[in-house]
Visitor: 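Have a look at the structure that comes next, please.
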Amino acid sequence: MYKLIALDIDGTLLDPQGQIRPRVRAAVAQAVVQGCIVTLATGRRHRSARQVAADLGIAVPLIMYSGGIVYDPATESALLHRPLPAEFVRATVAMLRRAGLGAGLLQSPLRGEKIYLGPPEYDDPYLHDYATHPERAELVMRHPYDEMASVADPMVVFTAGSGLTNRQISSLIAENPDLECKFYGYSLRHRSAPDLHGFDLLPPGHSKAVALQFLAEHFGLELSETMVIGDSFNDIEMLQAAGLGVAMGNAFPEVKAVAGVVVASNAEDGVAEAIERFVLGD
């Protein structure tokens, strides 16, 4: 019944230690053997998403940047590419700066997937370590905040802060009624900031759901033939759009509320449970 499976990565496909558990790996492999298309639908950048895909043996187009791009690793090209409008970048960066928050941009892999940050004098300890980490230091570009809107092919505006909450970001957006903006929060780890959270800001209409519909049409499928599995806020629209939306046991309550099914957590092979029940018929 379900011919396309889209898997979120963090909190879903990966267990709490960041690994793909053996039962999950086996279920995905068996689904592919039975002719099912299995892809990833993530907020991650291309570099890290592609590593996970390669580890799992996924070679089909991937949904990344919370739906901003559908990227085909086989041809190194984008099937769907939706960079942020310059005015959205200008308005969100200005809003964050007025609130005293740092702001950054993630660029499309079509432009080298650079990470644009403001001048280093505005860095907090987390941003400093993020910018200088050996895995990404060569990707980091410094740019004046008031020139961020000139960056080519931006995919996400992001910010981070210790103790920063969903409510604070929501209130900040509400104080700017002319700005159409949604956001997704996530936990970050840093030795000097135990309560660190990051937030991705996107325009309405940029979602995993839009990318899922595009990918289904690309493969000649209906949305009713898709199953998606996720755990976080940027999965909600996708769960609602799919033929079957599956929430992990560790998902936020708001995510579980819109799902058709709730399975075990990512520590208990929830992805494998969903595939076995609804695709493999075990």
Side-chain angles (χ1 to χ4, degrees), residues 1-15 20-44 49 52-53 55-67 69-73 79-80 184 207-282:
M1 180 176 179
Y2 301 112
K3 299 177 181 178
L4 171 62
I5 305 173
L7 306 174
D8 173 52
I9 295 179
D10 298 289
T12 300
L13 175 65
L14 303 185
D15 68 12
I20 302 173
R21 293 166 63 87
R23 181 183 166 197
V24 171
R25 190 182 296 274
V28 169
Q30 187 58 39
V32 172
V33 167
Q34 292 193 190
C36 193
I37 300 165
V38 181
T39 190
L40 305 178
T42 179
R44 286 193 182 201
V52 177
D55 182 30
L56 201 53
I58 292 175
V60 300
L62 309 174
I63 297 171
M64 300 178 295
Y65 290 99
S66 294
I69 192 167
V70 176
Y71 194 84
D72 186 355
L79 304 181
L80 176 69
Y184 305 117
S207 71
K208 292 182 181 182
V210 171
L212 177 71
Q213 180 162 358
F214 174 90
L215 196 54
E217 292 174 356
H218 172 76
F219 286 114
L221 302 174
E222 301 290 336
L223 278 174
S224 60
E225 297 176 290
T226 66
M227 179 175 80
V228 302
I229 312 176
D231 74 303
S232 196
F233 293 103
N234 65 343
D235 298 315
I236 287 177
E237 293 170 80
M238 180 175 68
L239 291 171
Q240 293 172 317
L244 178 62
V246 180
M248 299 294 290
N250 53 286
F252 289 99
E254 295 90 339
V255 180
K256 292 180 180 178
V258 304
V261 175
V262 178
V263 293
S265 73
N266 64 331
E268 303 167 305
D269 299 326
V271 166
E273 177 190 336
I275 294 175
E276 290 164 359
R277 286 174 59 185
F278 302 110
V279 176
L280 303 181
D282 294 352

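Because only heavy atoms are used, hydrogens play no part in the values below, and waters and symmetry mates are left out as well, while side chains stay in. Along the sequence shown, the residues carry numbers beginning at 1. Given the structure is predicted, the values throughout are model-derived calculations rather than measurements.
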Visitor: First locate atom CG of Leu215, then atom CG of Leu223, and finally report the distance between them rounded to the nearest 0.5 Å.
Guide: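 Taking CG in Leu215 and CG in Leu223, the distance rounds to 10.5 Å.
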Visitor: Check whether any side-chain heavy atom of Leu244 lies under 4.5 Å from a side-chain heavy atom of Met1, and answer yes or no.
Guide: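 No; the side chains remain at least 4.5 Å from each other.
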Visitor: Between Ser232 (side chain) and Asn234 (backbone), is there a donor-acceptor pair under 3.5 Å?
Guide: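 No.
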Visitor: Less than 4.5 Å apart, side chain to side chain, heavy atoms only: is that true for Glu268 and Val263?
Guide: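 Side chain of Glu268 against side chain of Val263, heavy atoms only: no contact under 4.5 Å found.
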Visitor: What heavy-atom pair brings Lys256 and Ala251 nearest, and what distance separates the two atoms?
Guide: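 Heavy atoms of Lys256 and Ala251 come nearest at CE-O, 3.4 Å.
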Visitor: So do Ile275 and Met227 actually touch side chain to side chain, heavy atoms under 4.5 Å?
Guide: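 Yes, close enough: below the 4.5 Å cut-off.
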Visitor: With side chain to side chain contact (heavy atoms under 4.5 Å, CB included) as the test, pick out the partner of Val28 among Val38, Val33, Ile20, Ile5.
Guide: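 With Val28 as partner, side chain to side chain contact (heavy atoms under 4.5 Å, CB included) holds for just one option, Val38.
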Visitor: Distance-only, no hydrogens or angles: does the Thr39 side chain make a donor-acceptor pair with backbone N or O of Pro61 under 3.5 Å?
Guide: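 Looks like yes, one N/O pair under 3.5 Å.
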Visitor: Kindly compute the distance separating CD1 (Ile37) from OG1 (Thr226), expressed to the nearest 0.5 Å.
Guide: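 Those atoms lie 11.0 Å apart.
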Visitor: Do Arg21 side-chain atoms and Gly270 backbone N/O form a donor-acceptor pair below 3.5 Å?
Guide: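 Side chain of Arg21 to backbone of Gly270, a donor-acceptor pair under 3.5 Å: no, none is there.
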Visitor: At their closest point, which heavy atom of Leu80 faces which heavy atom of Gly67, and how far apart are they?
Guide: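 Taking Leu80 first and Gly67 second, the nearest heavy atoms are CD2-O, 4.3 Å.
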Visitor: Tell me if the CD atom of Glu222 is crowded by more than 12 foreign heavy atoms within 6.0 Å.
Guide: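 Check fails, neighbour count at 12 or below.
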Visitor: Of all heavy-atom pairs between Ala241 and Ala209, which one has the smallest distance, and what is that distance?
Guide: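 Taking every non-hydrogen atom into account, CB-CB, 4.0 Å.
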Visitor: Closest approach of Asn250 and Asn266, non-hydrogen atoms and distance?
Guide: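 Taking Asn250 first and Asn266 second, the nearest heavy atoms are OD1-N, 2.8 Å.
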Visitor: Return the minimal non-hydrogen interatomic distance between Phe214 and Val70, and the atom names on each side.
Guide: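 In terms of heavy atoms, the two residues are closest at CD2-CG2, 4.2 Å.
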Visitor: Can you check whether Glu276 reaches Gln30 side chain to side chain, under 4.5 Å on heavy atoms?
Guide: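 No, too far: nothing below the 4.5 Å cut-off.
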Visitor: Quick one: CG on Leu7 to CE on Met248, what's the gap to the nearest 0.5 Å?
Guide: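 One gets 9.5 Å once the value is rounded to the nearest 0.5 Å.
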Visitor: Heavy-atom distance under 4.5 Å between the side chains of Asp55 and Arg25, does that happen here?
Guide: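 Result yes, sub-4.5 Å side-chain heavy-atom pair found.
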Visitor: Testing the basics here: between Thr42 and Asp8, what is the closest heavy-atom pair and its distance to 0.1 Å?
Guide: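 Minimum heavy-atom separation between Thr42 and Asp8: CA-OD1, 4.3 Å.
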Visitor: Are Leu56 and Leu13 close enough that some pair of their side-chain heavy atoms sits under 4.5 Å apart?
Guide: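 In contact.
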Visitor: Please confirm whether the backbone N or O of Ala41 pairs with a side-chain atom of Lys208, one donor and one acceptor, at under 3.5 Å?
Guide: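 Such a contact is found between Lys208 side chain and Ala41 backbone.
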Visitor: Please report the interatomic distance CG(Leu79) to CG(Asp72), rounded to the nearest 0.5 Å.
Guide: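 Between atom CG of Leu79 and atom CG of Asp72 there are 5.0 Å.
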Visitor: Ignoring hydrogens and geometry, is there a side-chain-to-backbone donor-acceptor pair from Glu273 to Ala264 under 3.5 Å?
Guide: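 Yes, because the side chain of Glu273 sits within donor-acceptor range (under 3.5 Å) of the backbone of Ala264.
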Visitor: Could you walk me through whether Thr12 and Val271 pass side chain to side chain contact (heavy atoms under 4.5 Å, CB included), step by step?
Guide: CA-CA 7 Å; Thr12 300; Val271 166; 3.7 Å; yes
Visitor: What distance do Ile236 atom CD1 and Glu254 atom CD have between them, rounded to the nearest 0.5 Å?
Guide: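 Here the interatomic distance stands at 6.5 Å.
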Visitor: What's the spacing between Glu225 CD and Leu4 CG if we round to 0.5 Å?
Guide: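 The CG atom of Leu4 is 9.0 Å from CD of Glu225, to the nearest 0.5 Å.
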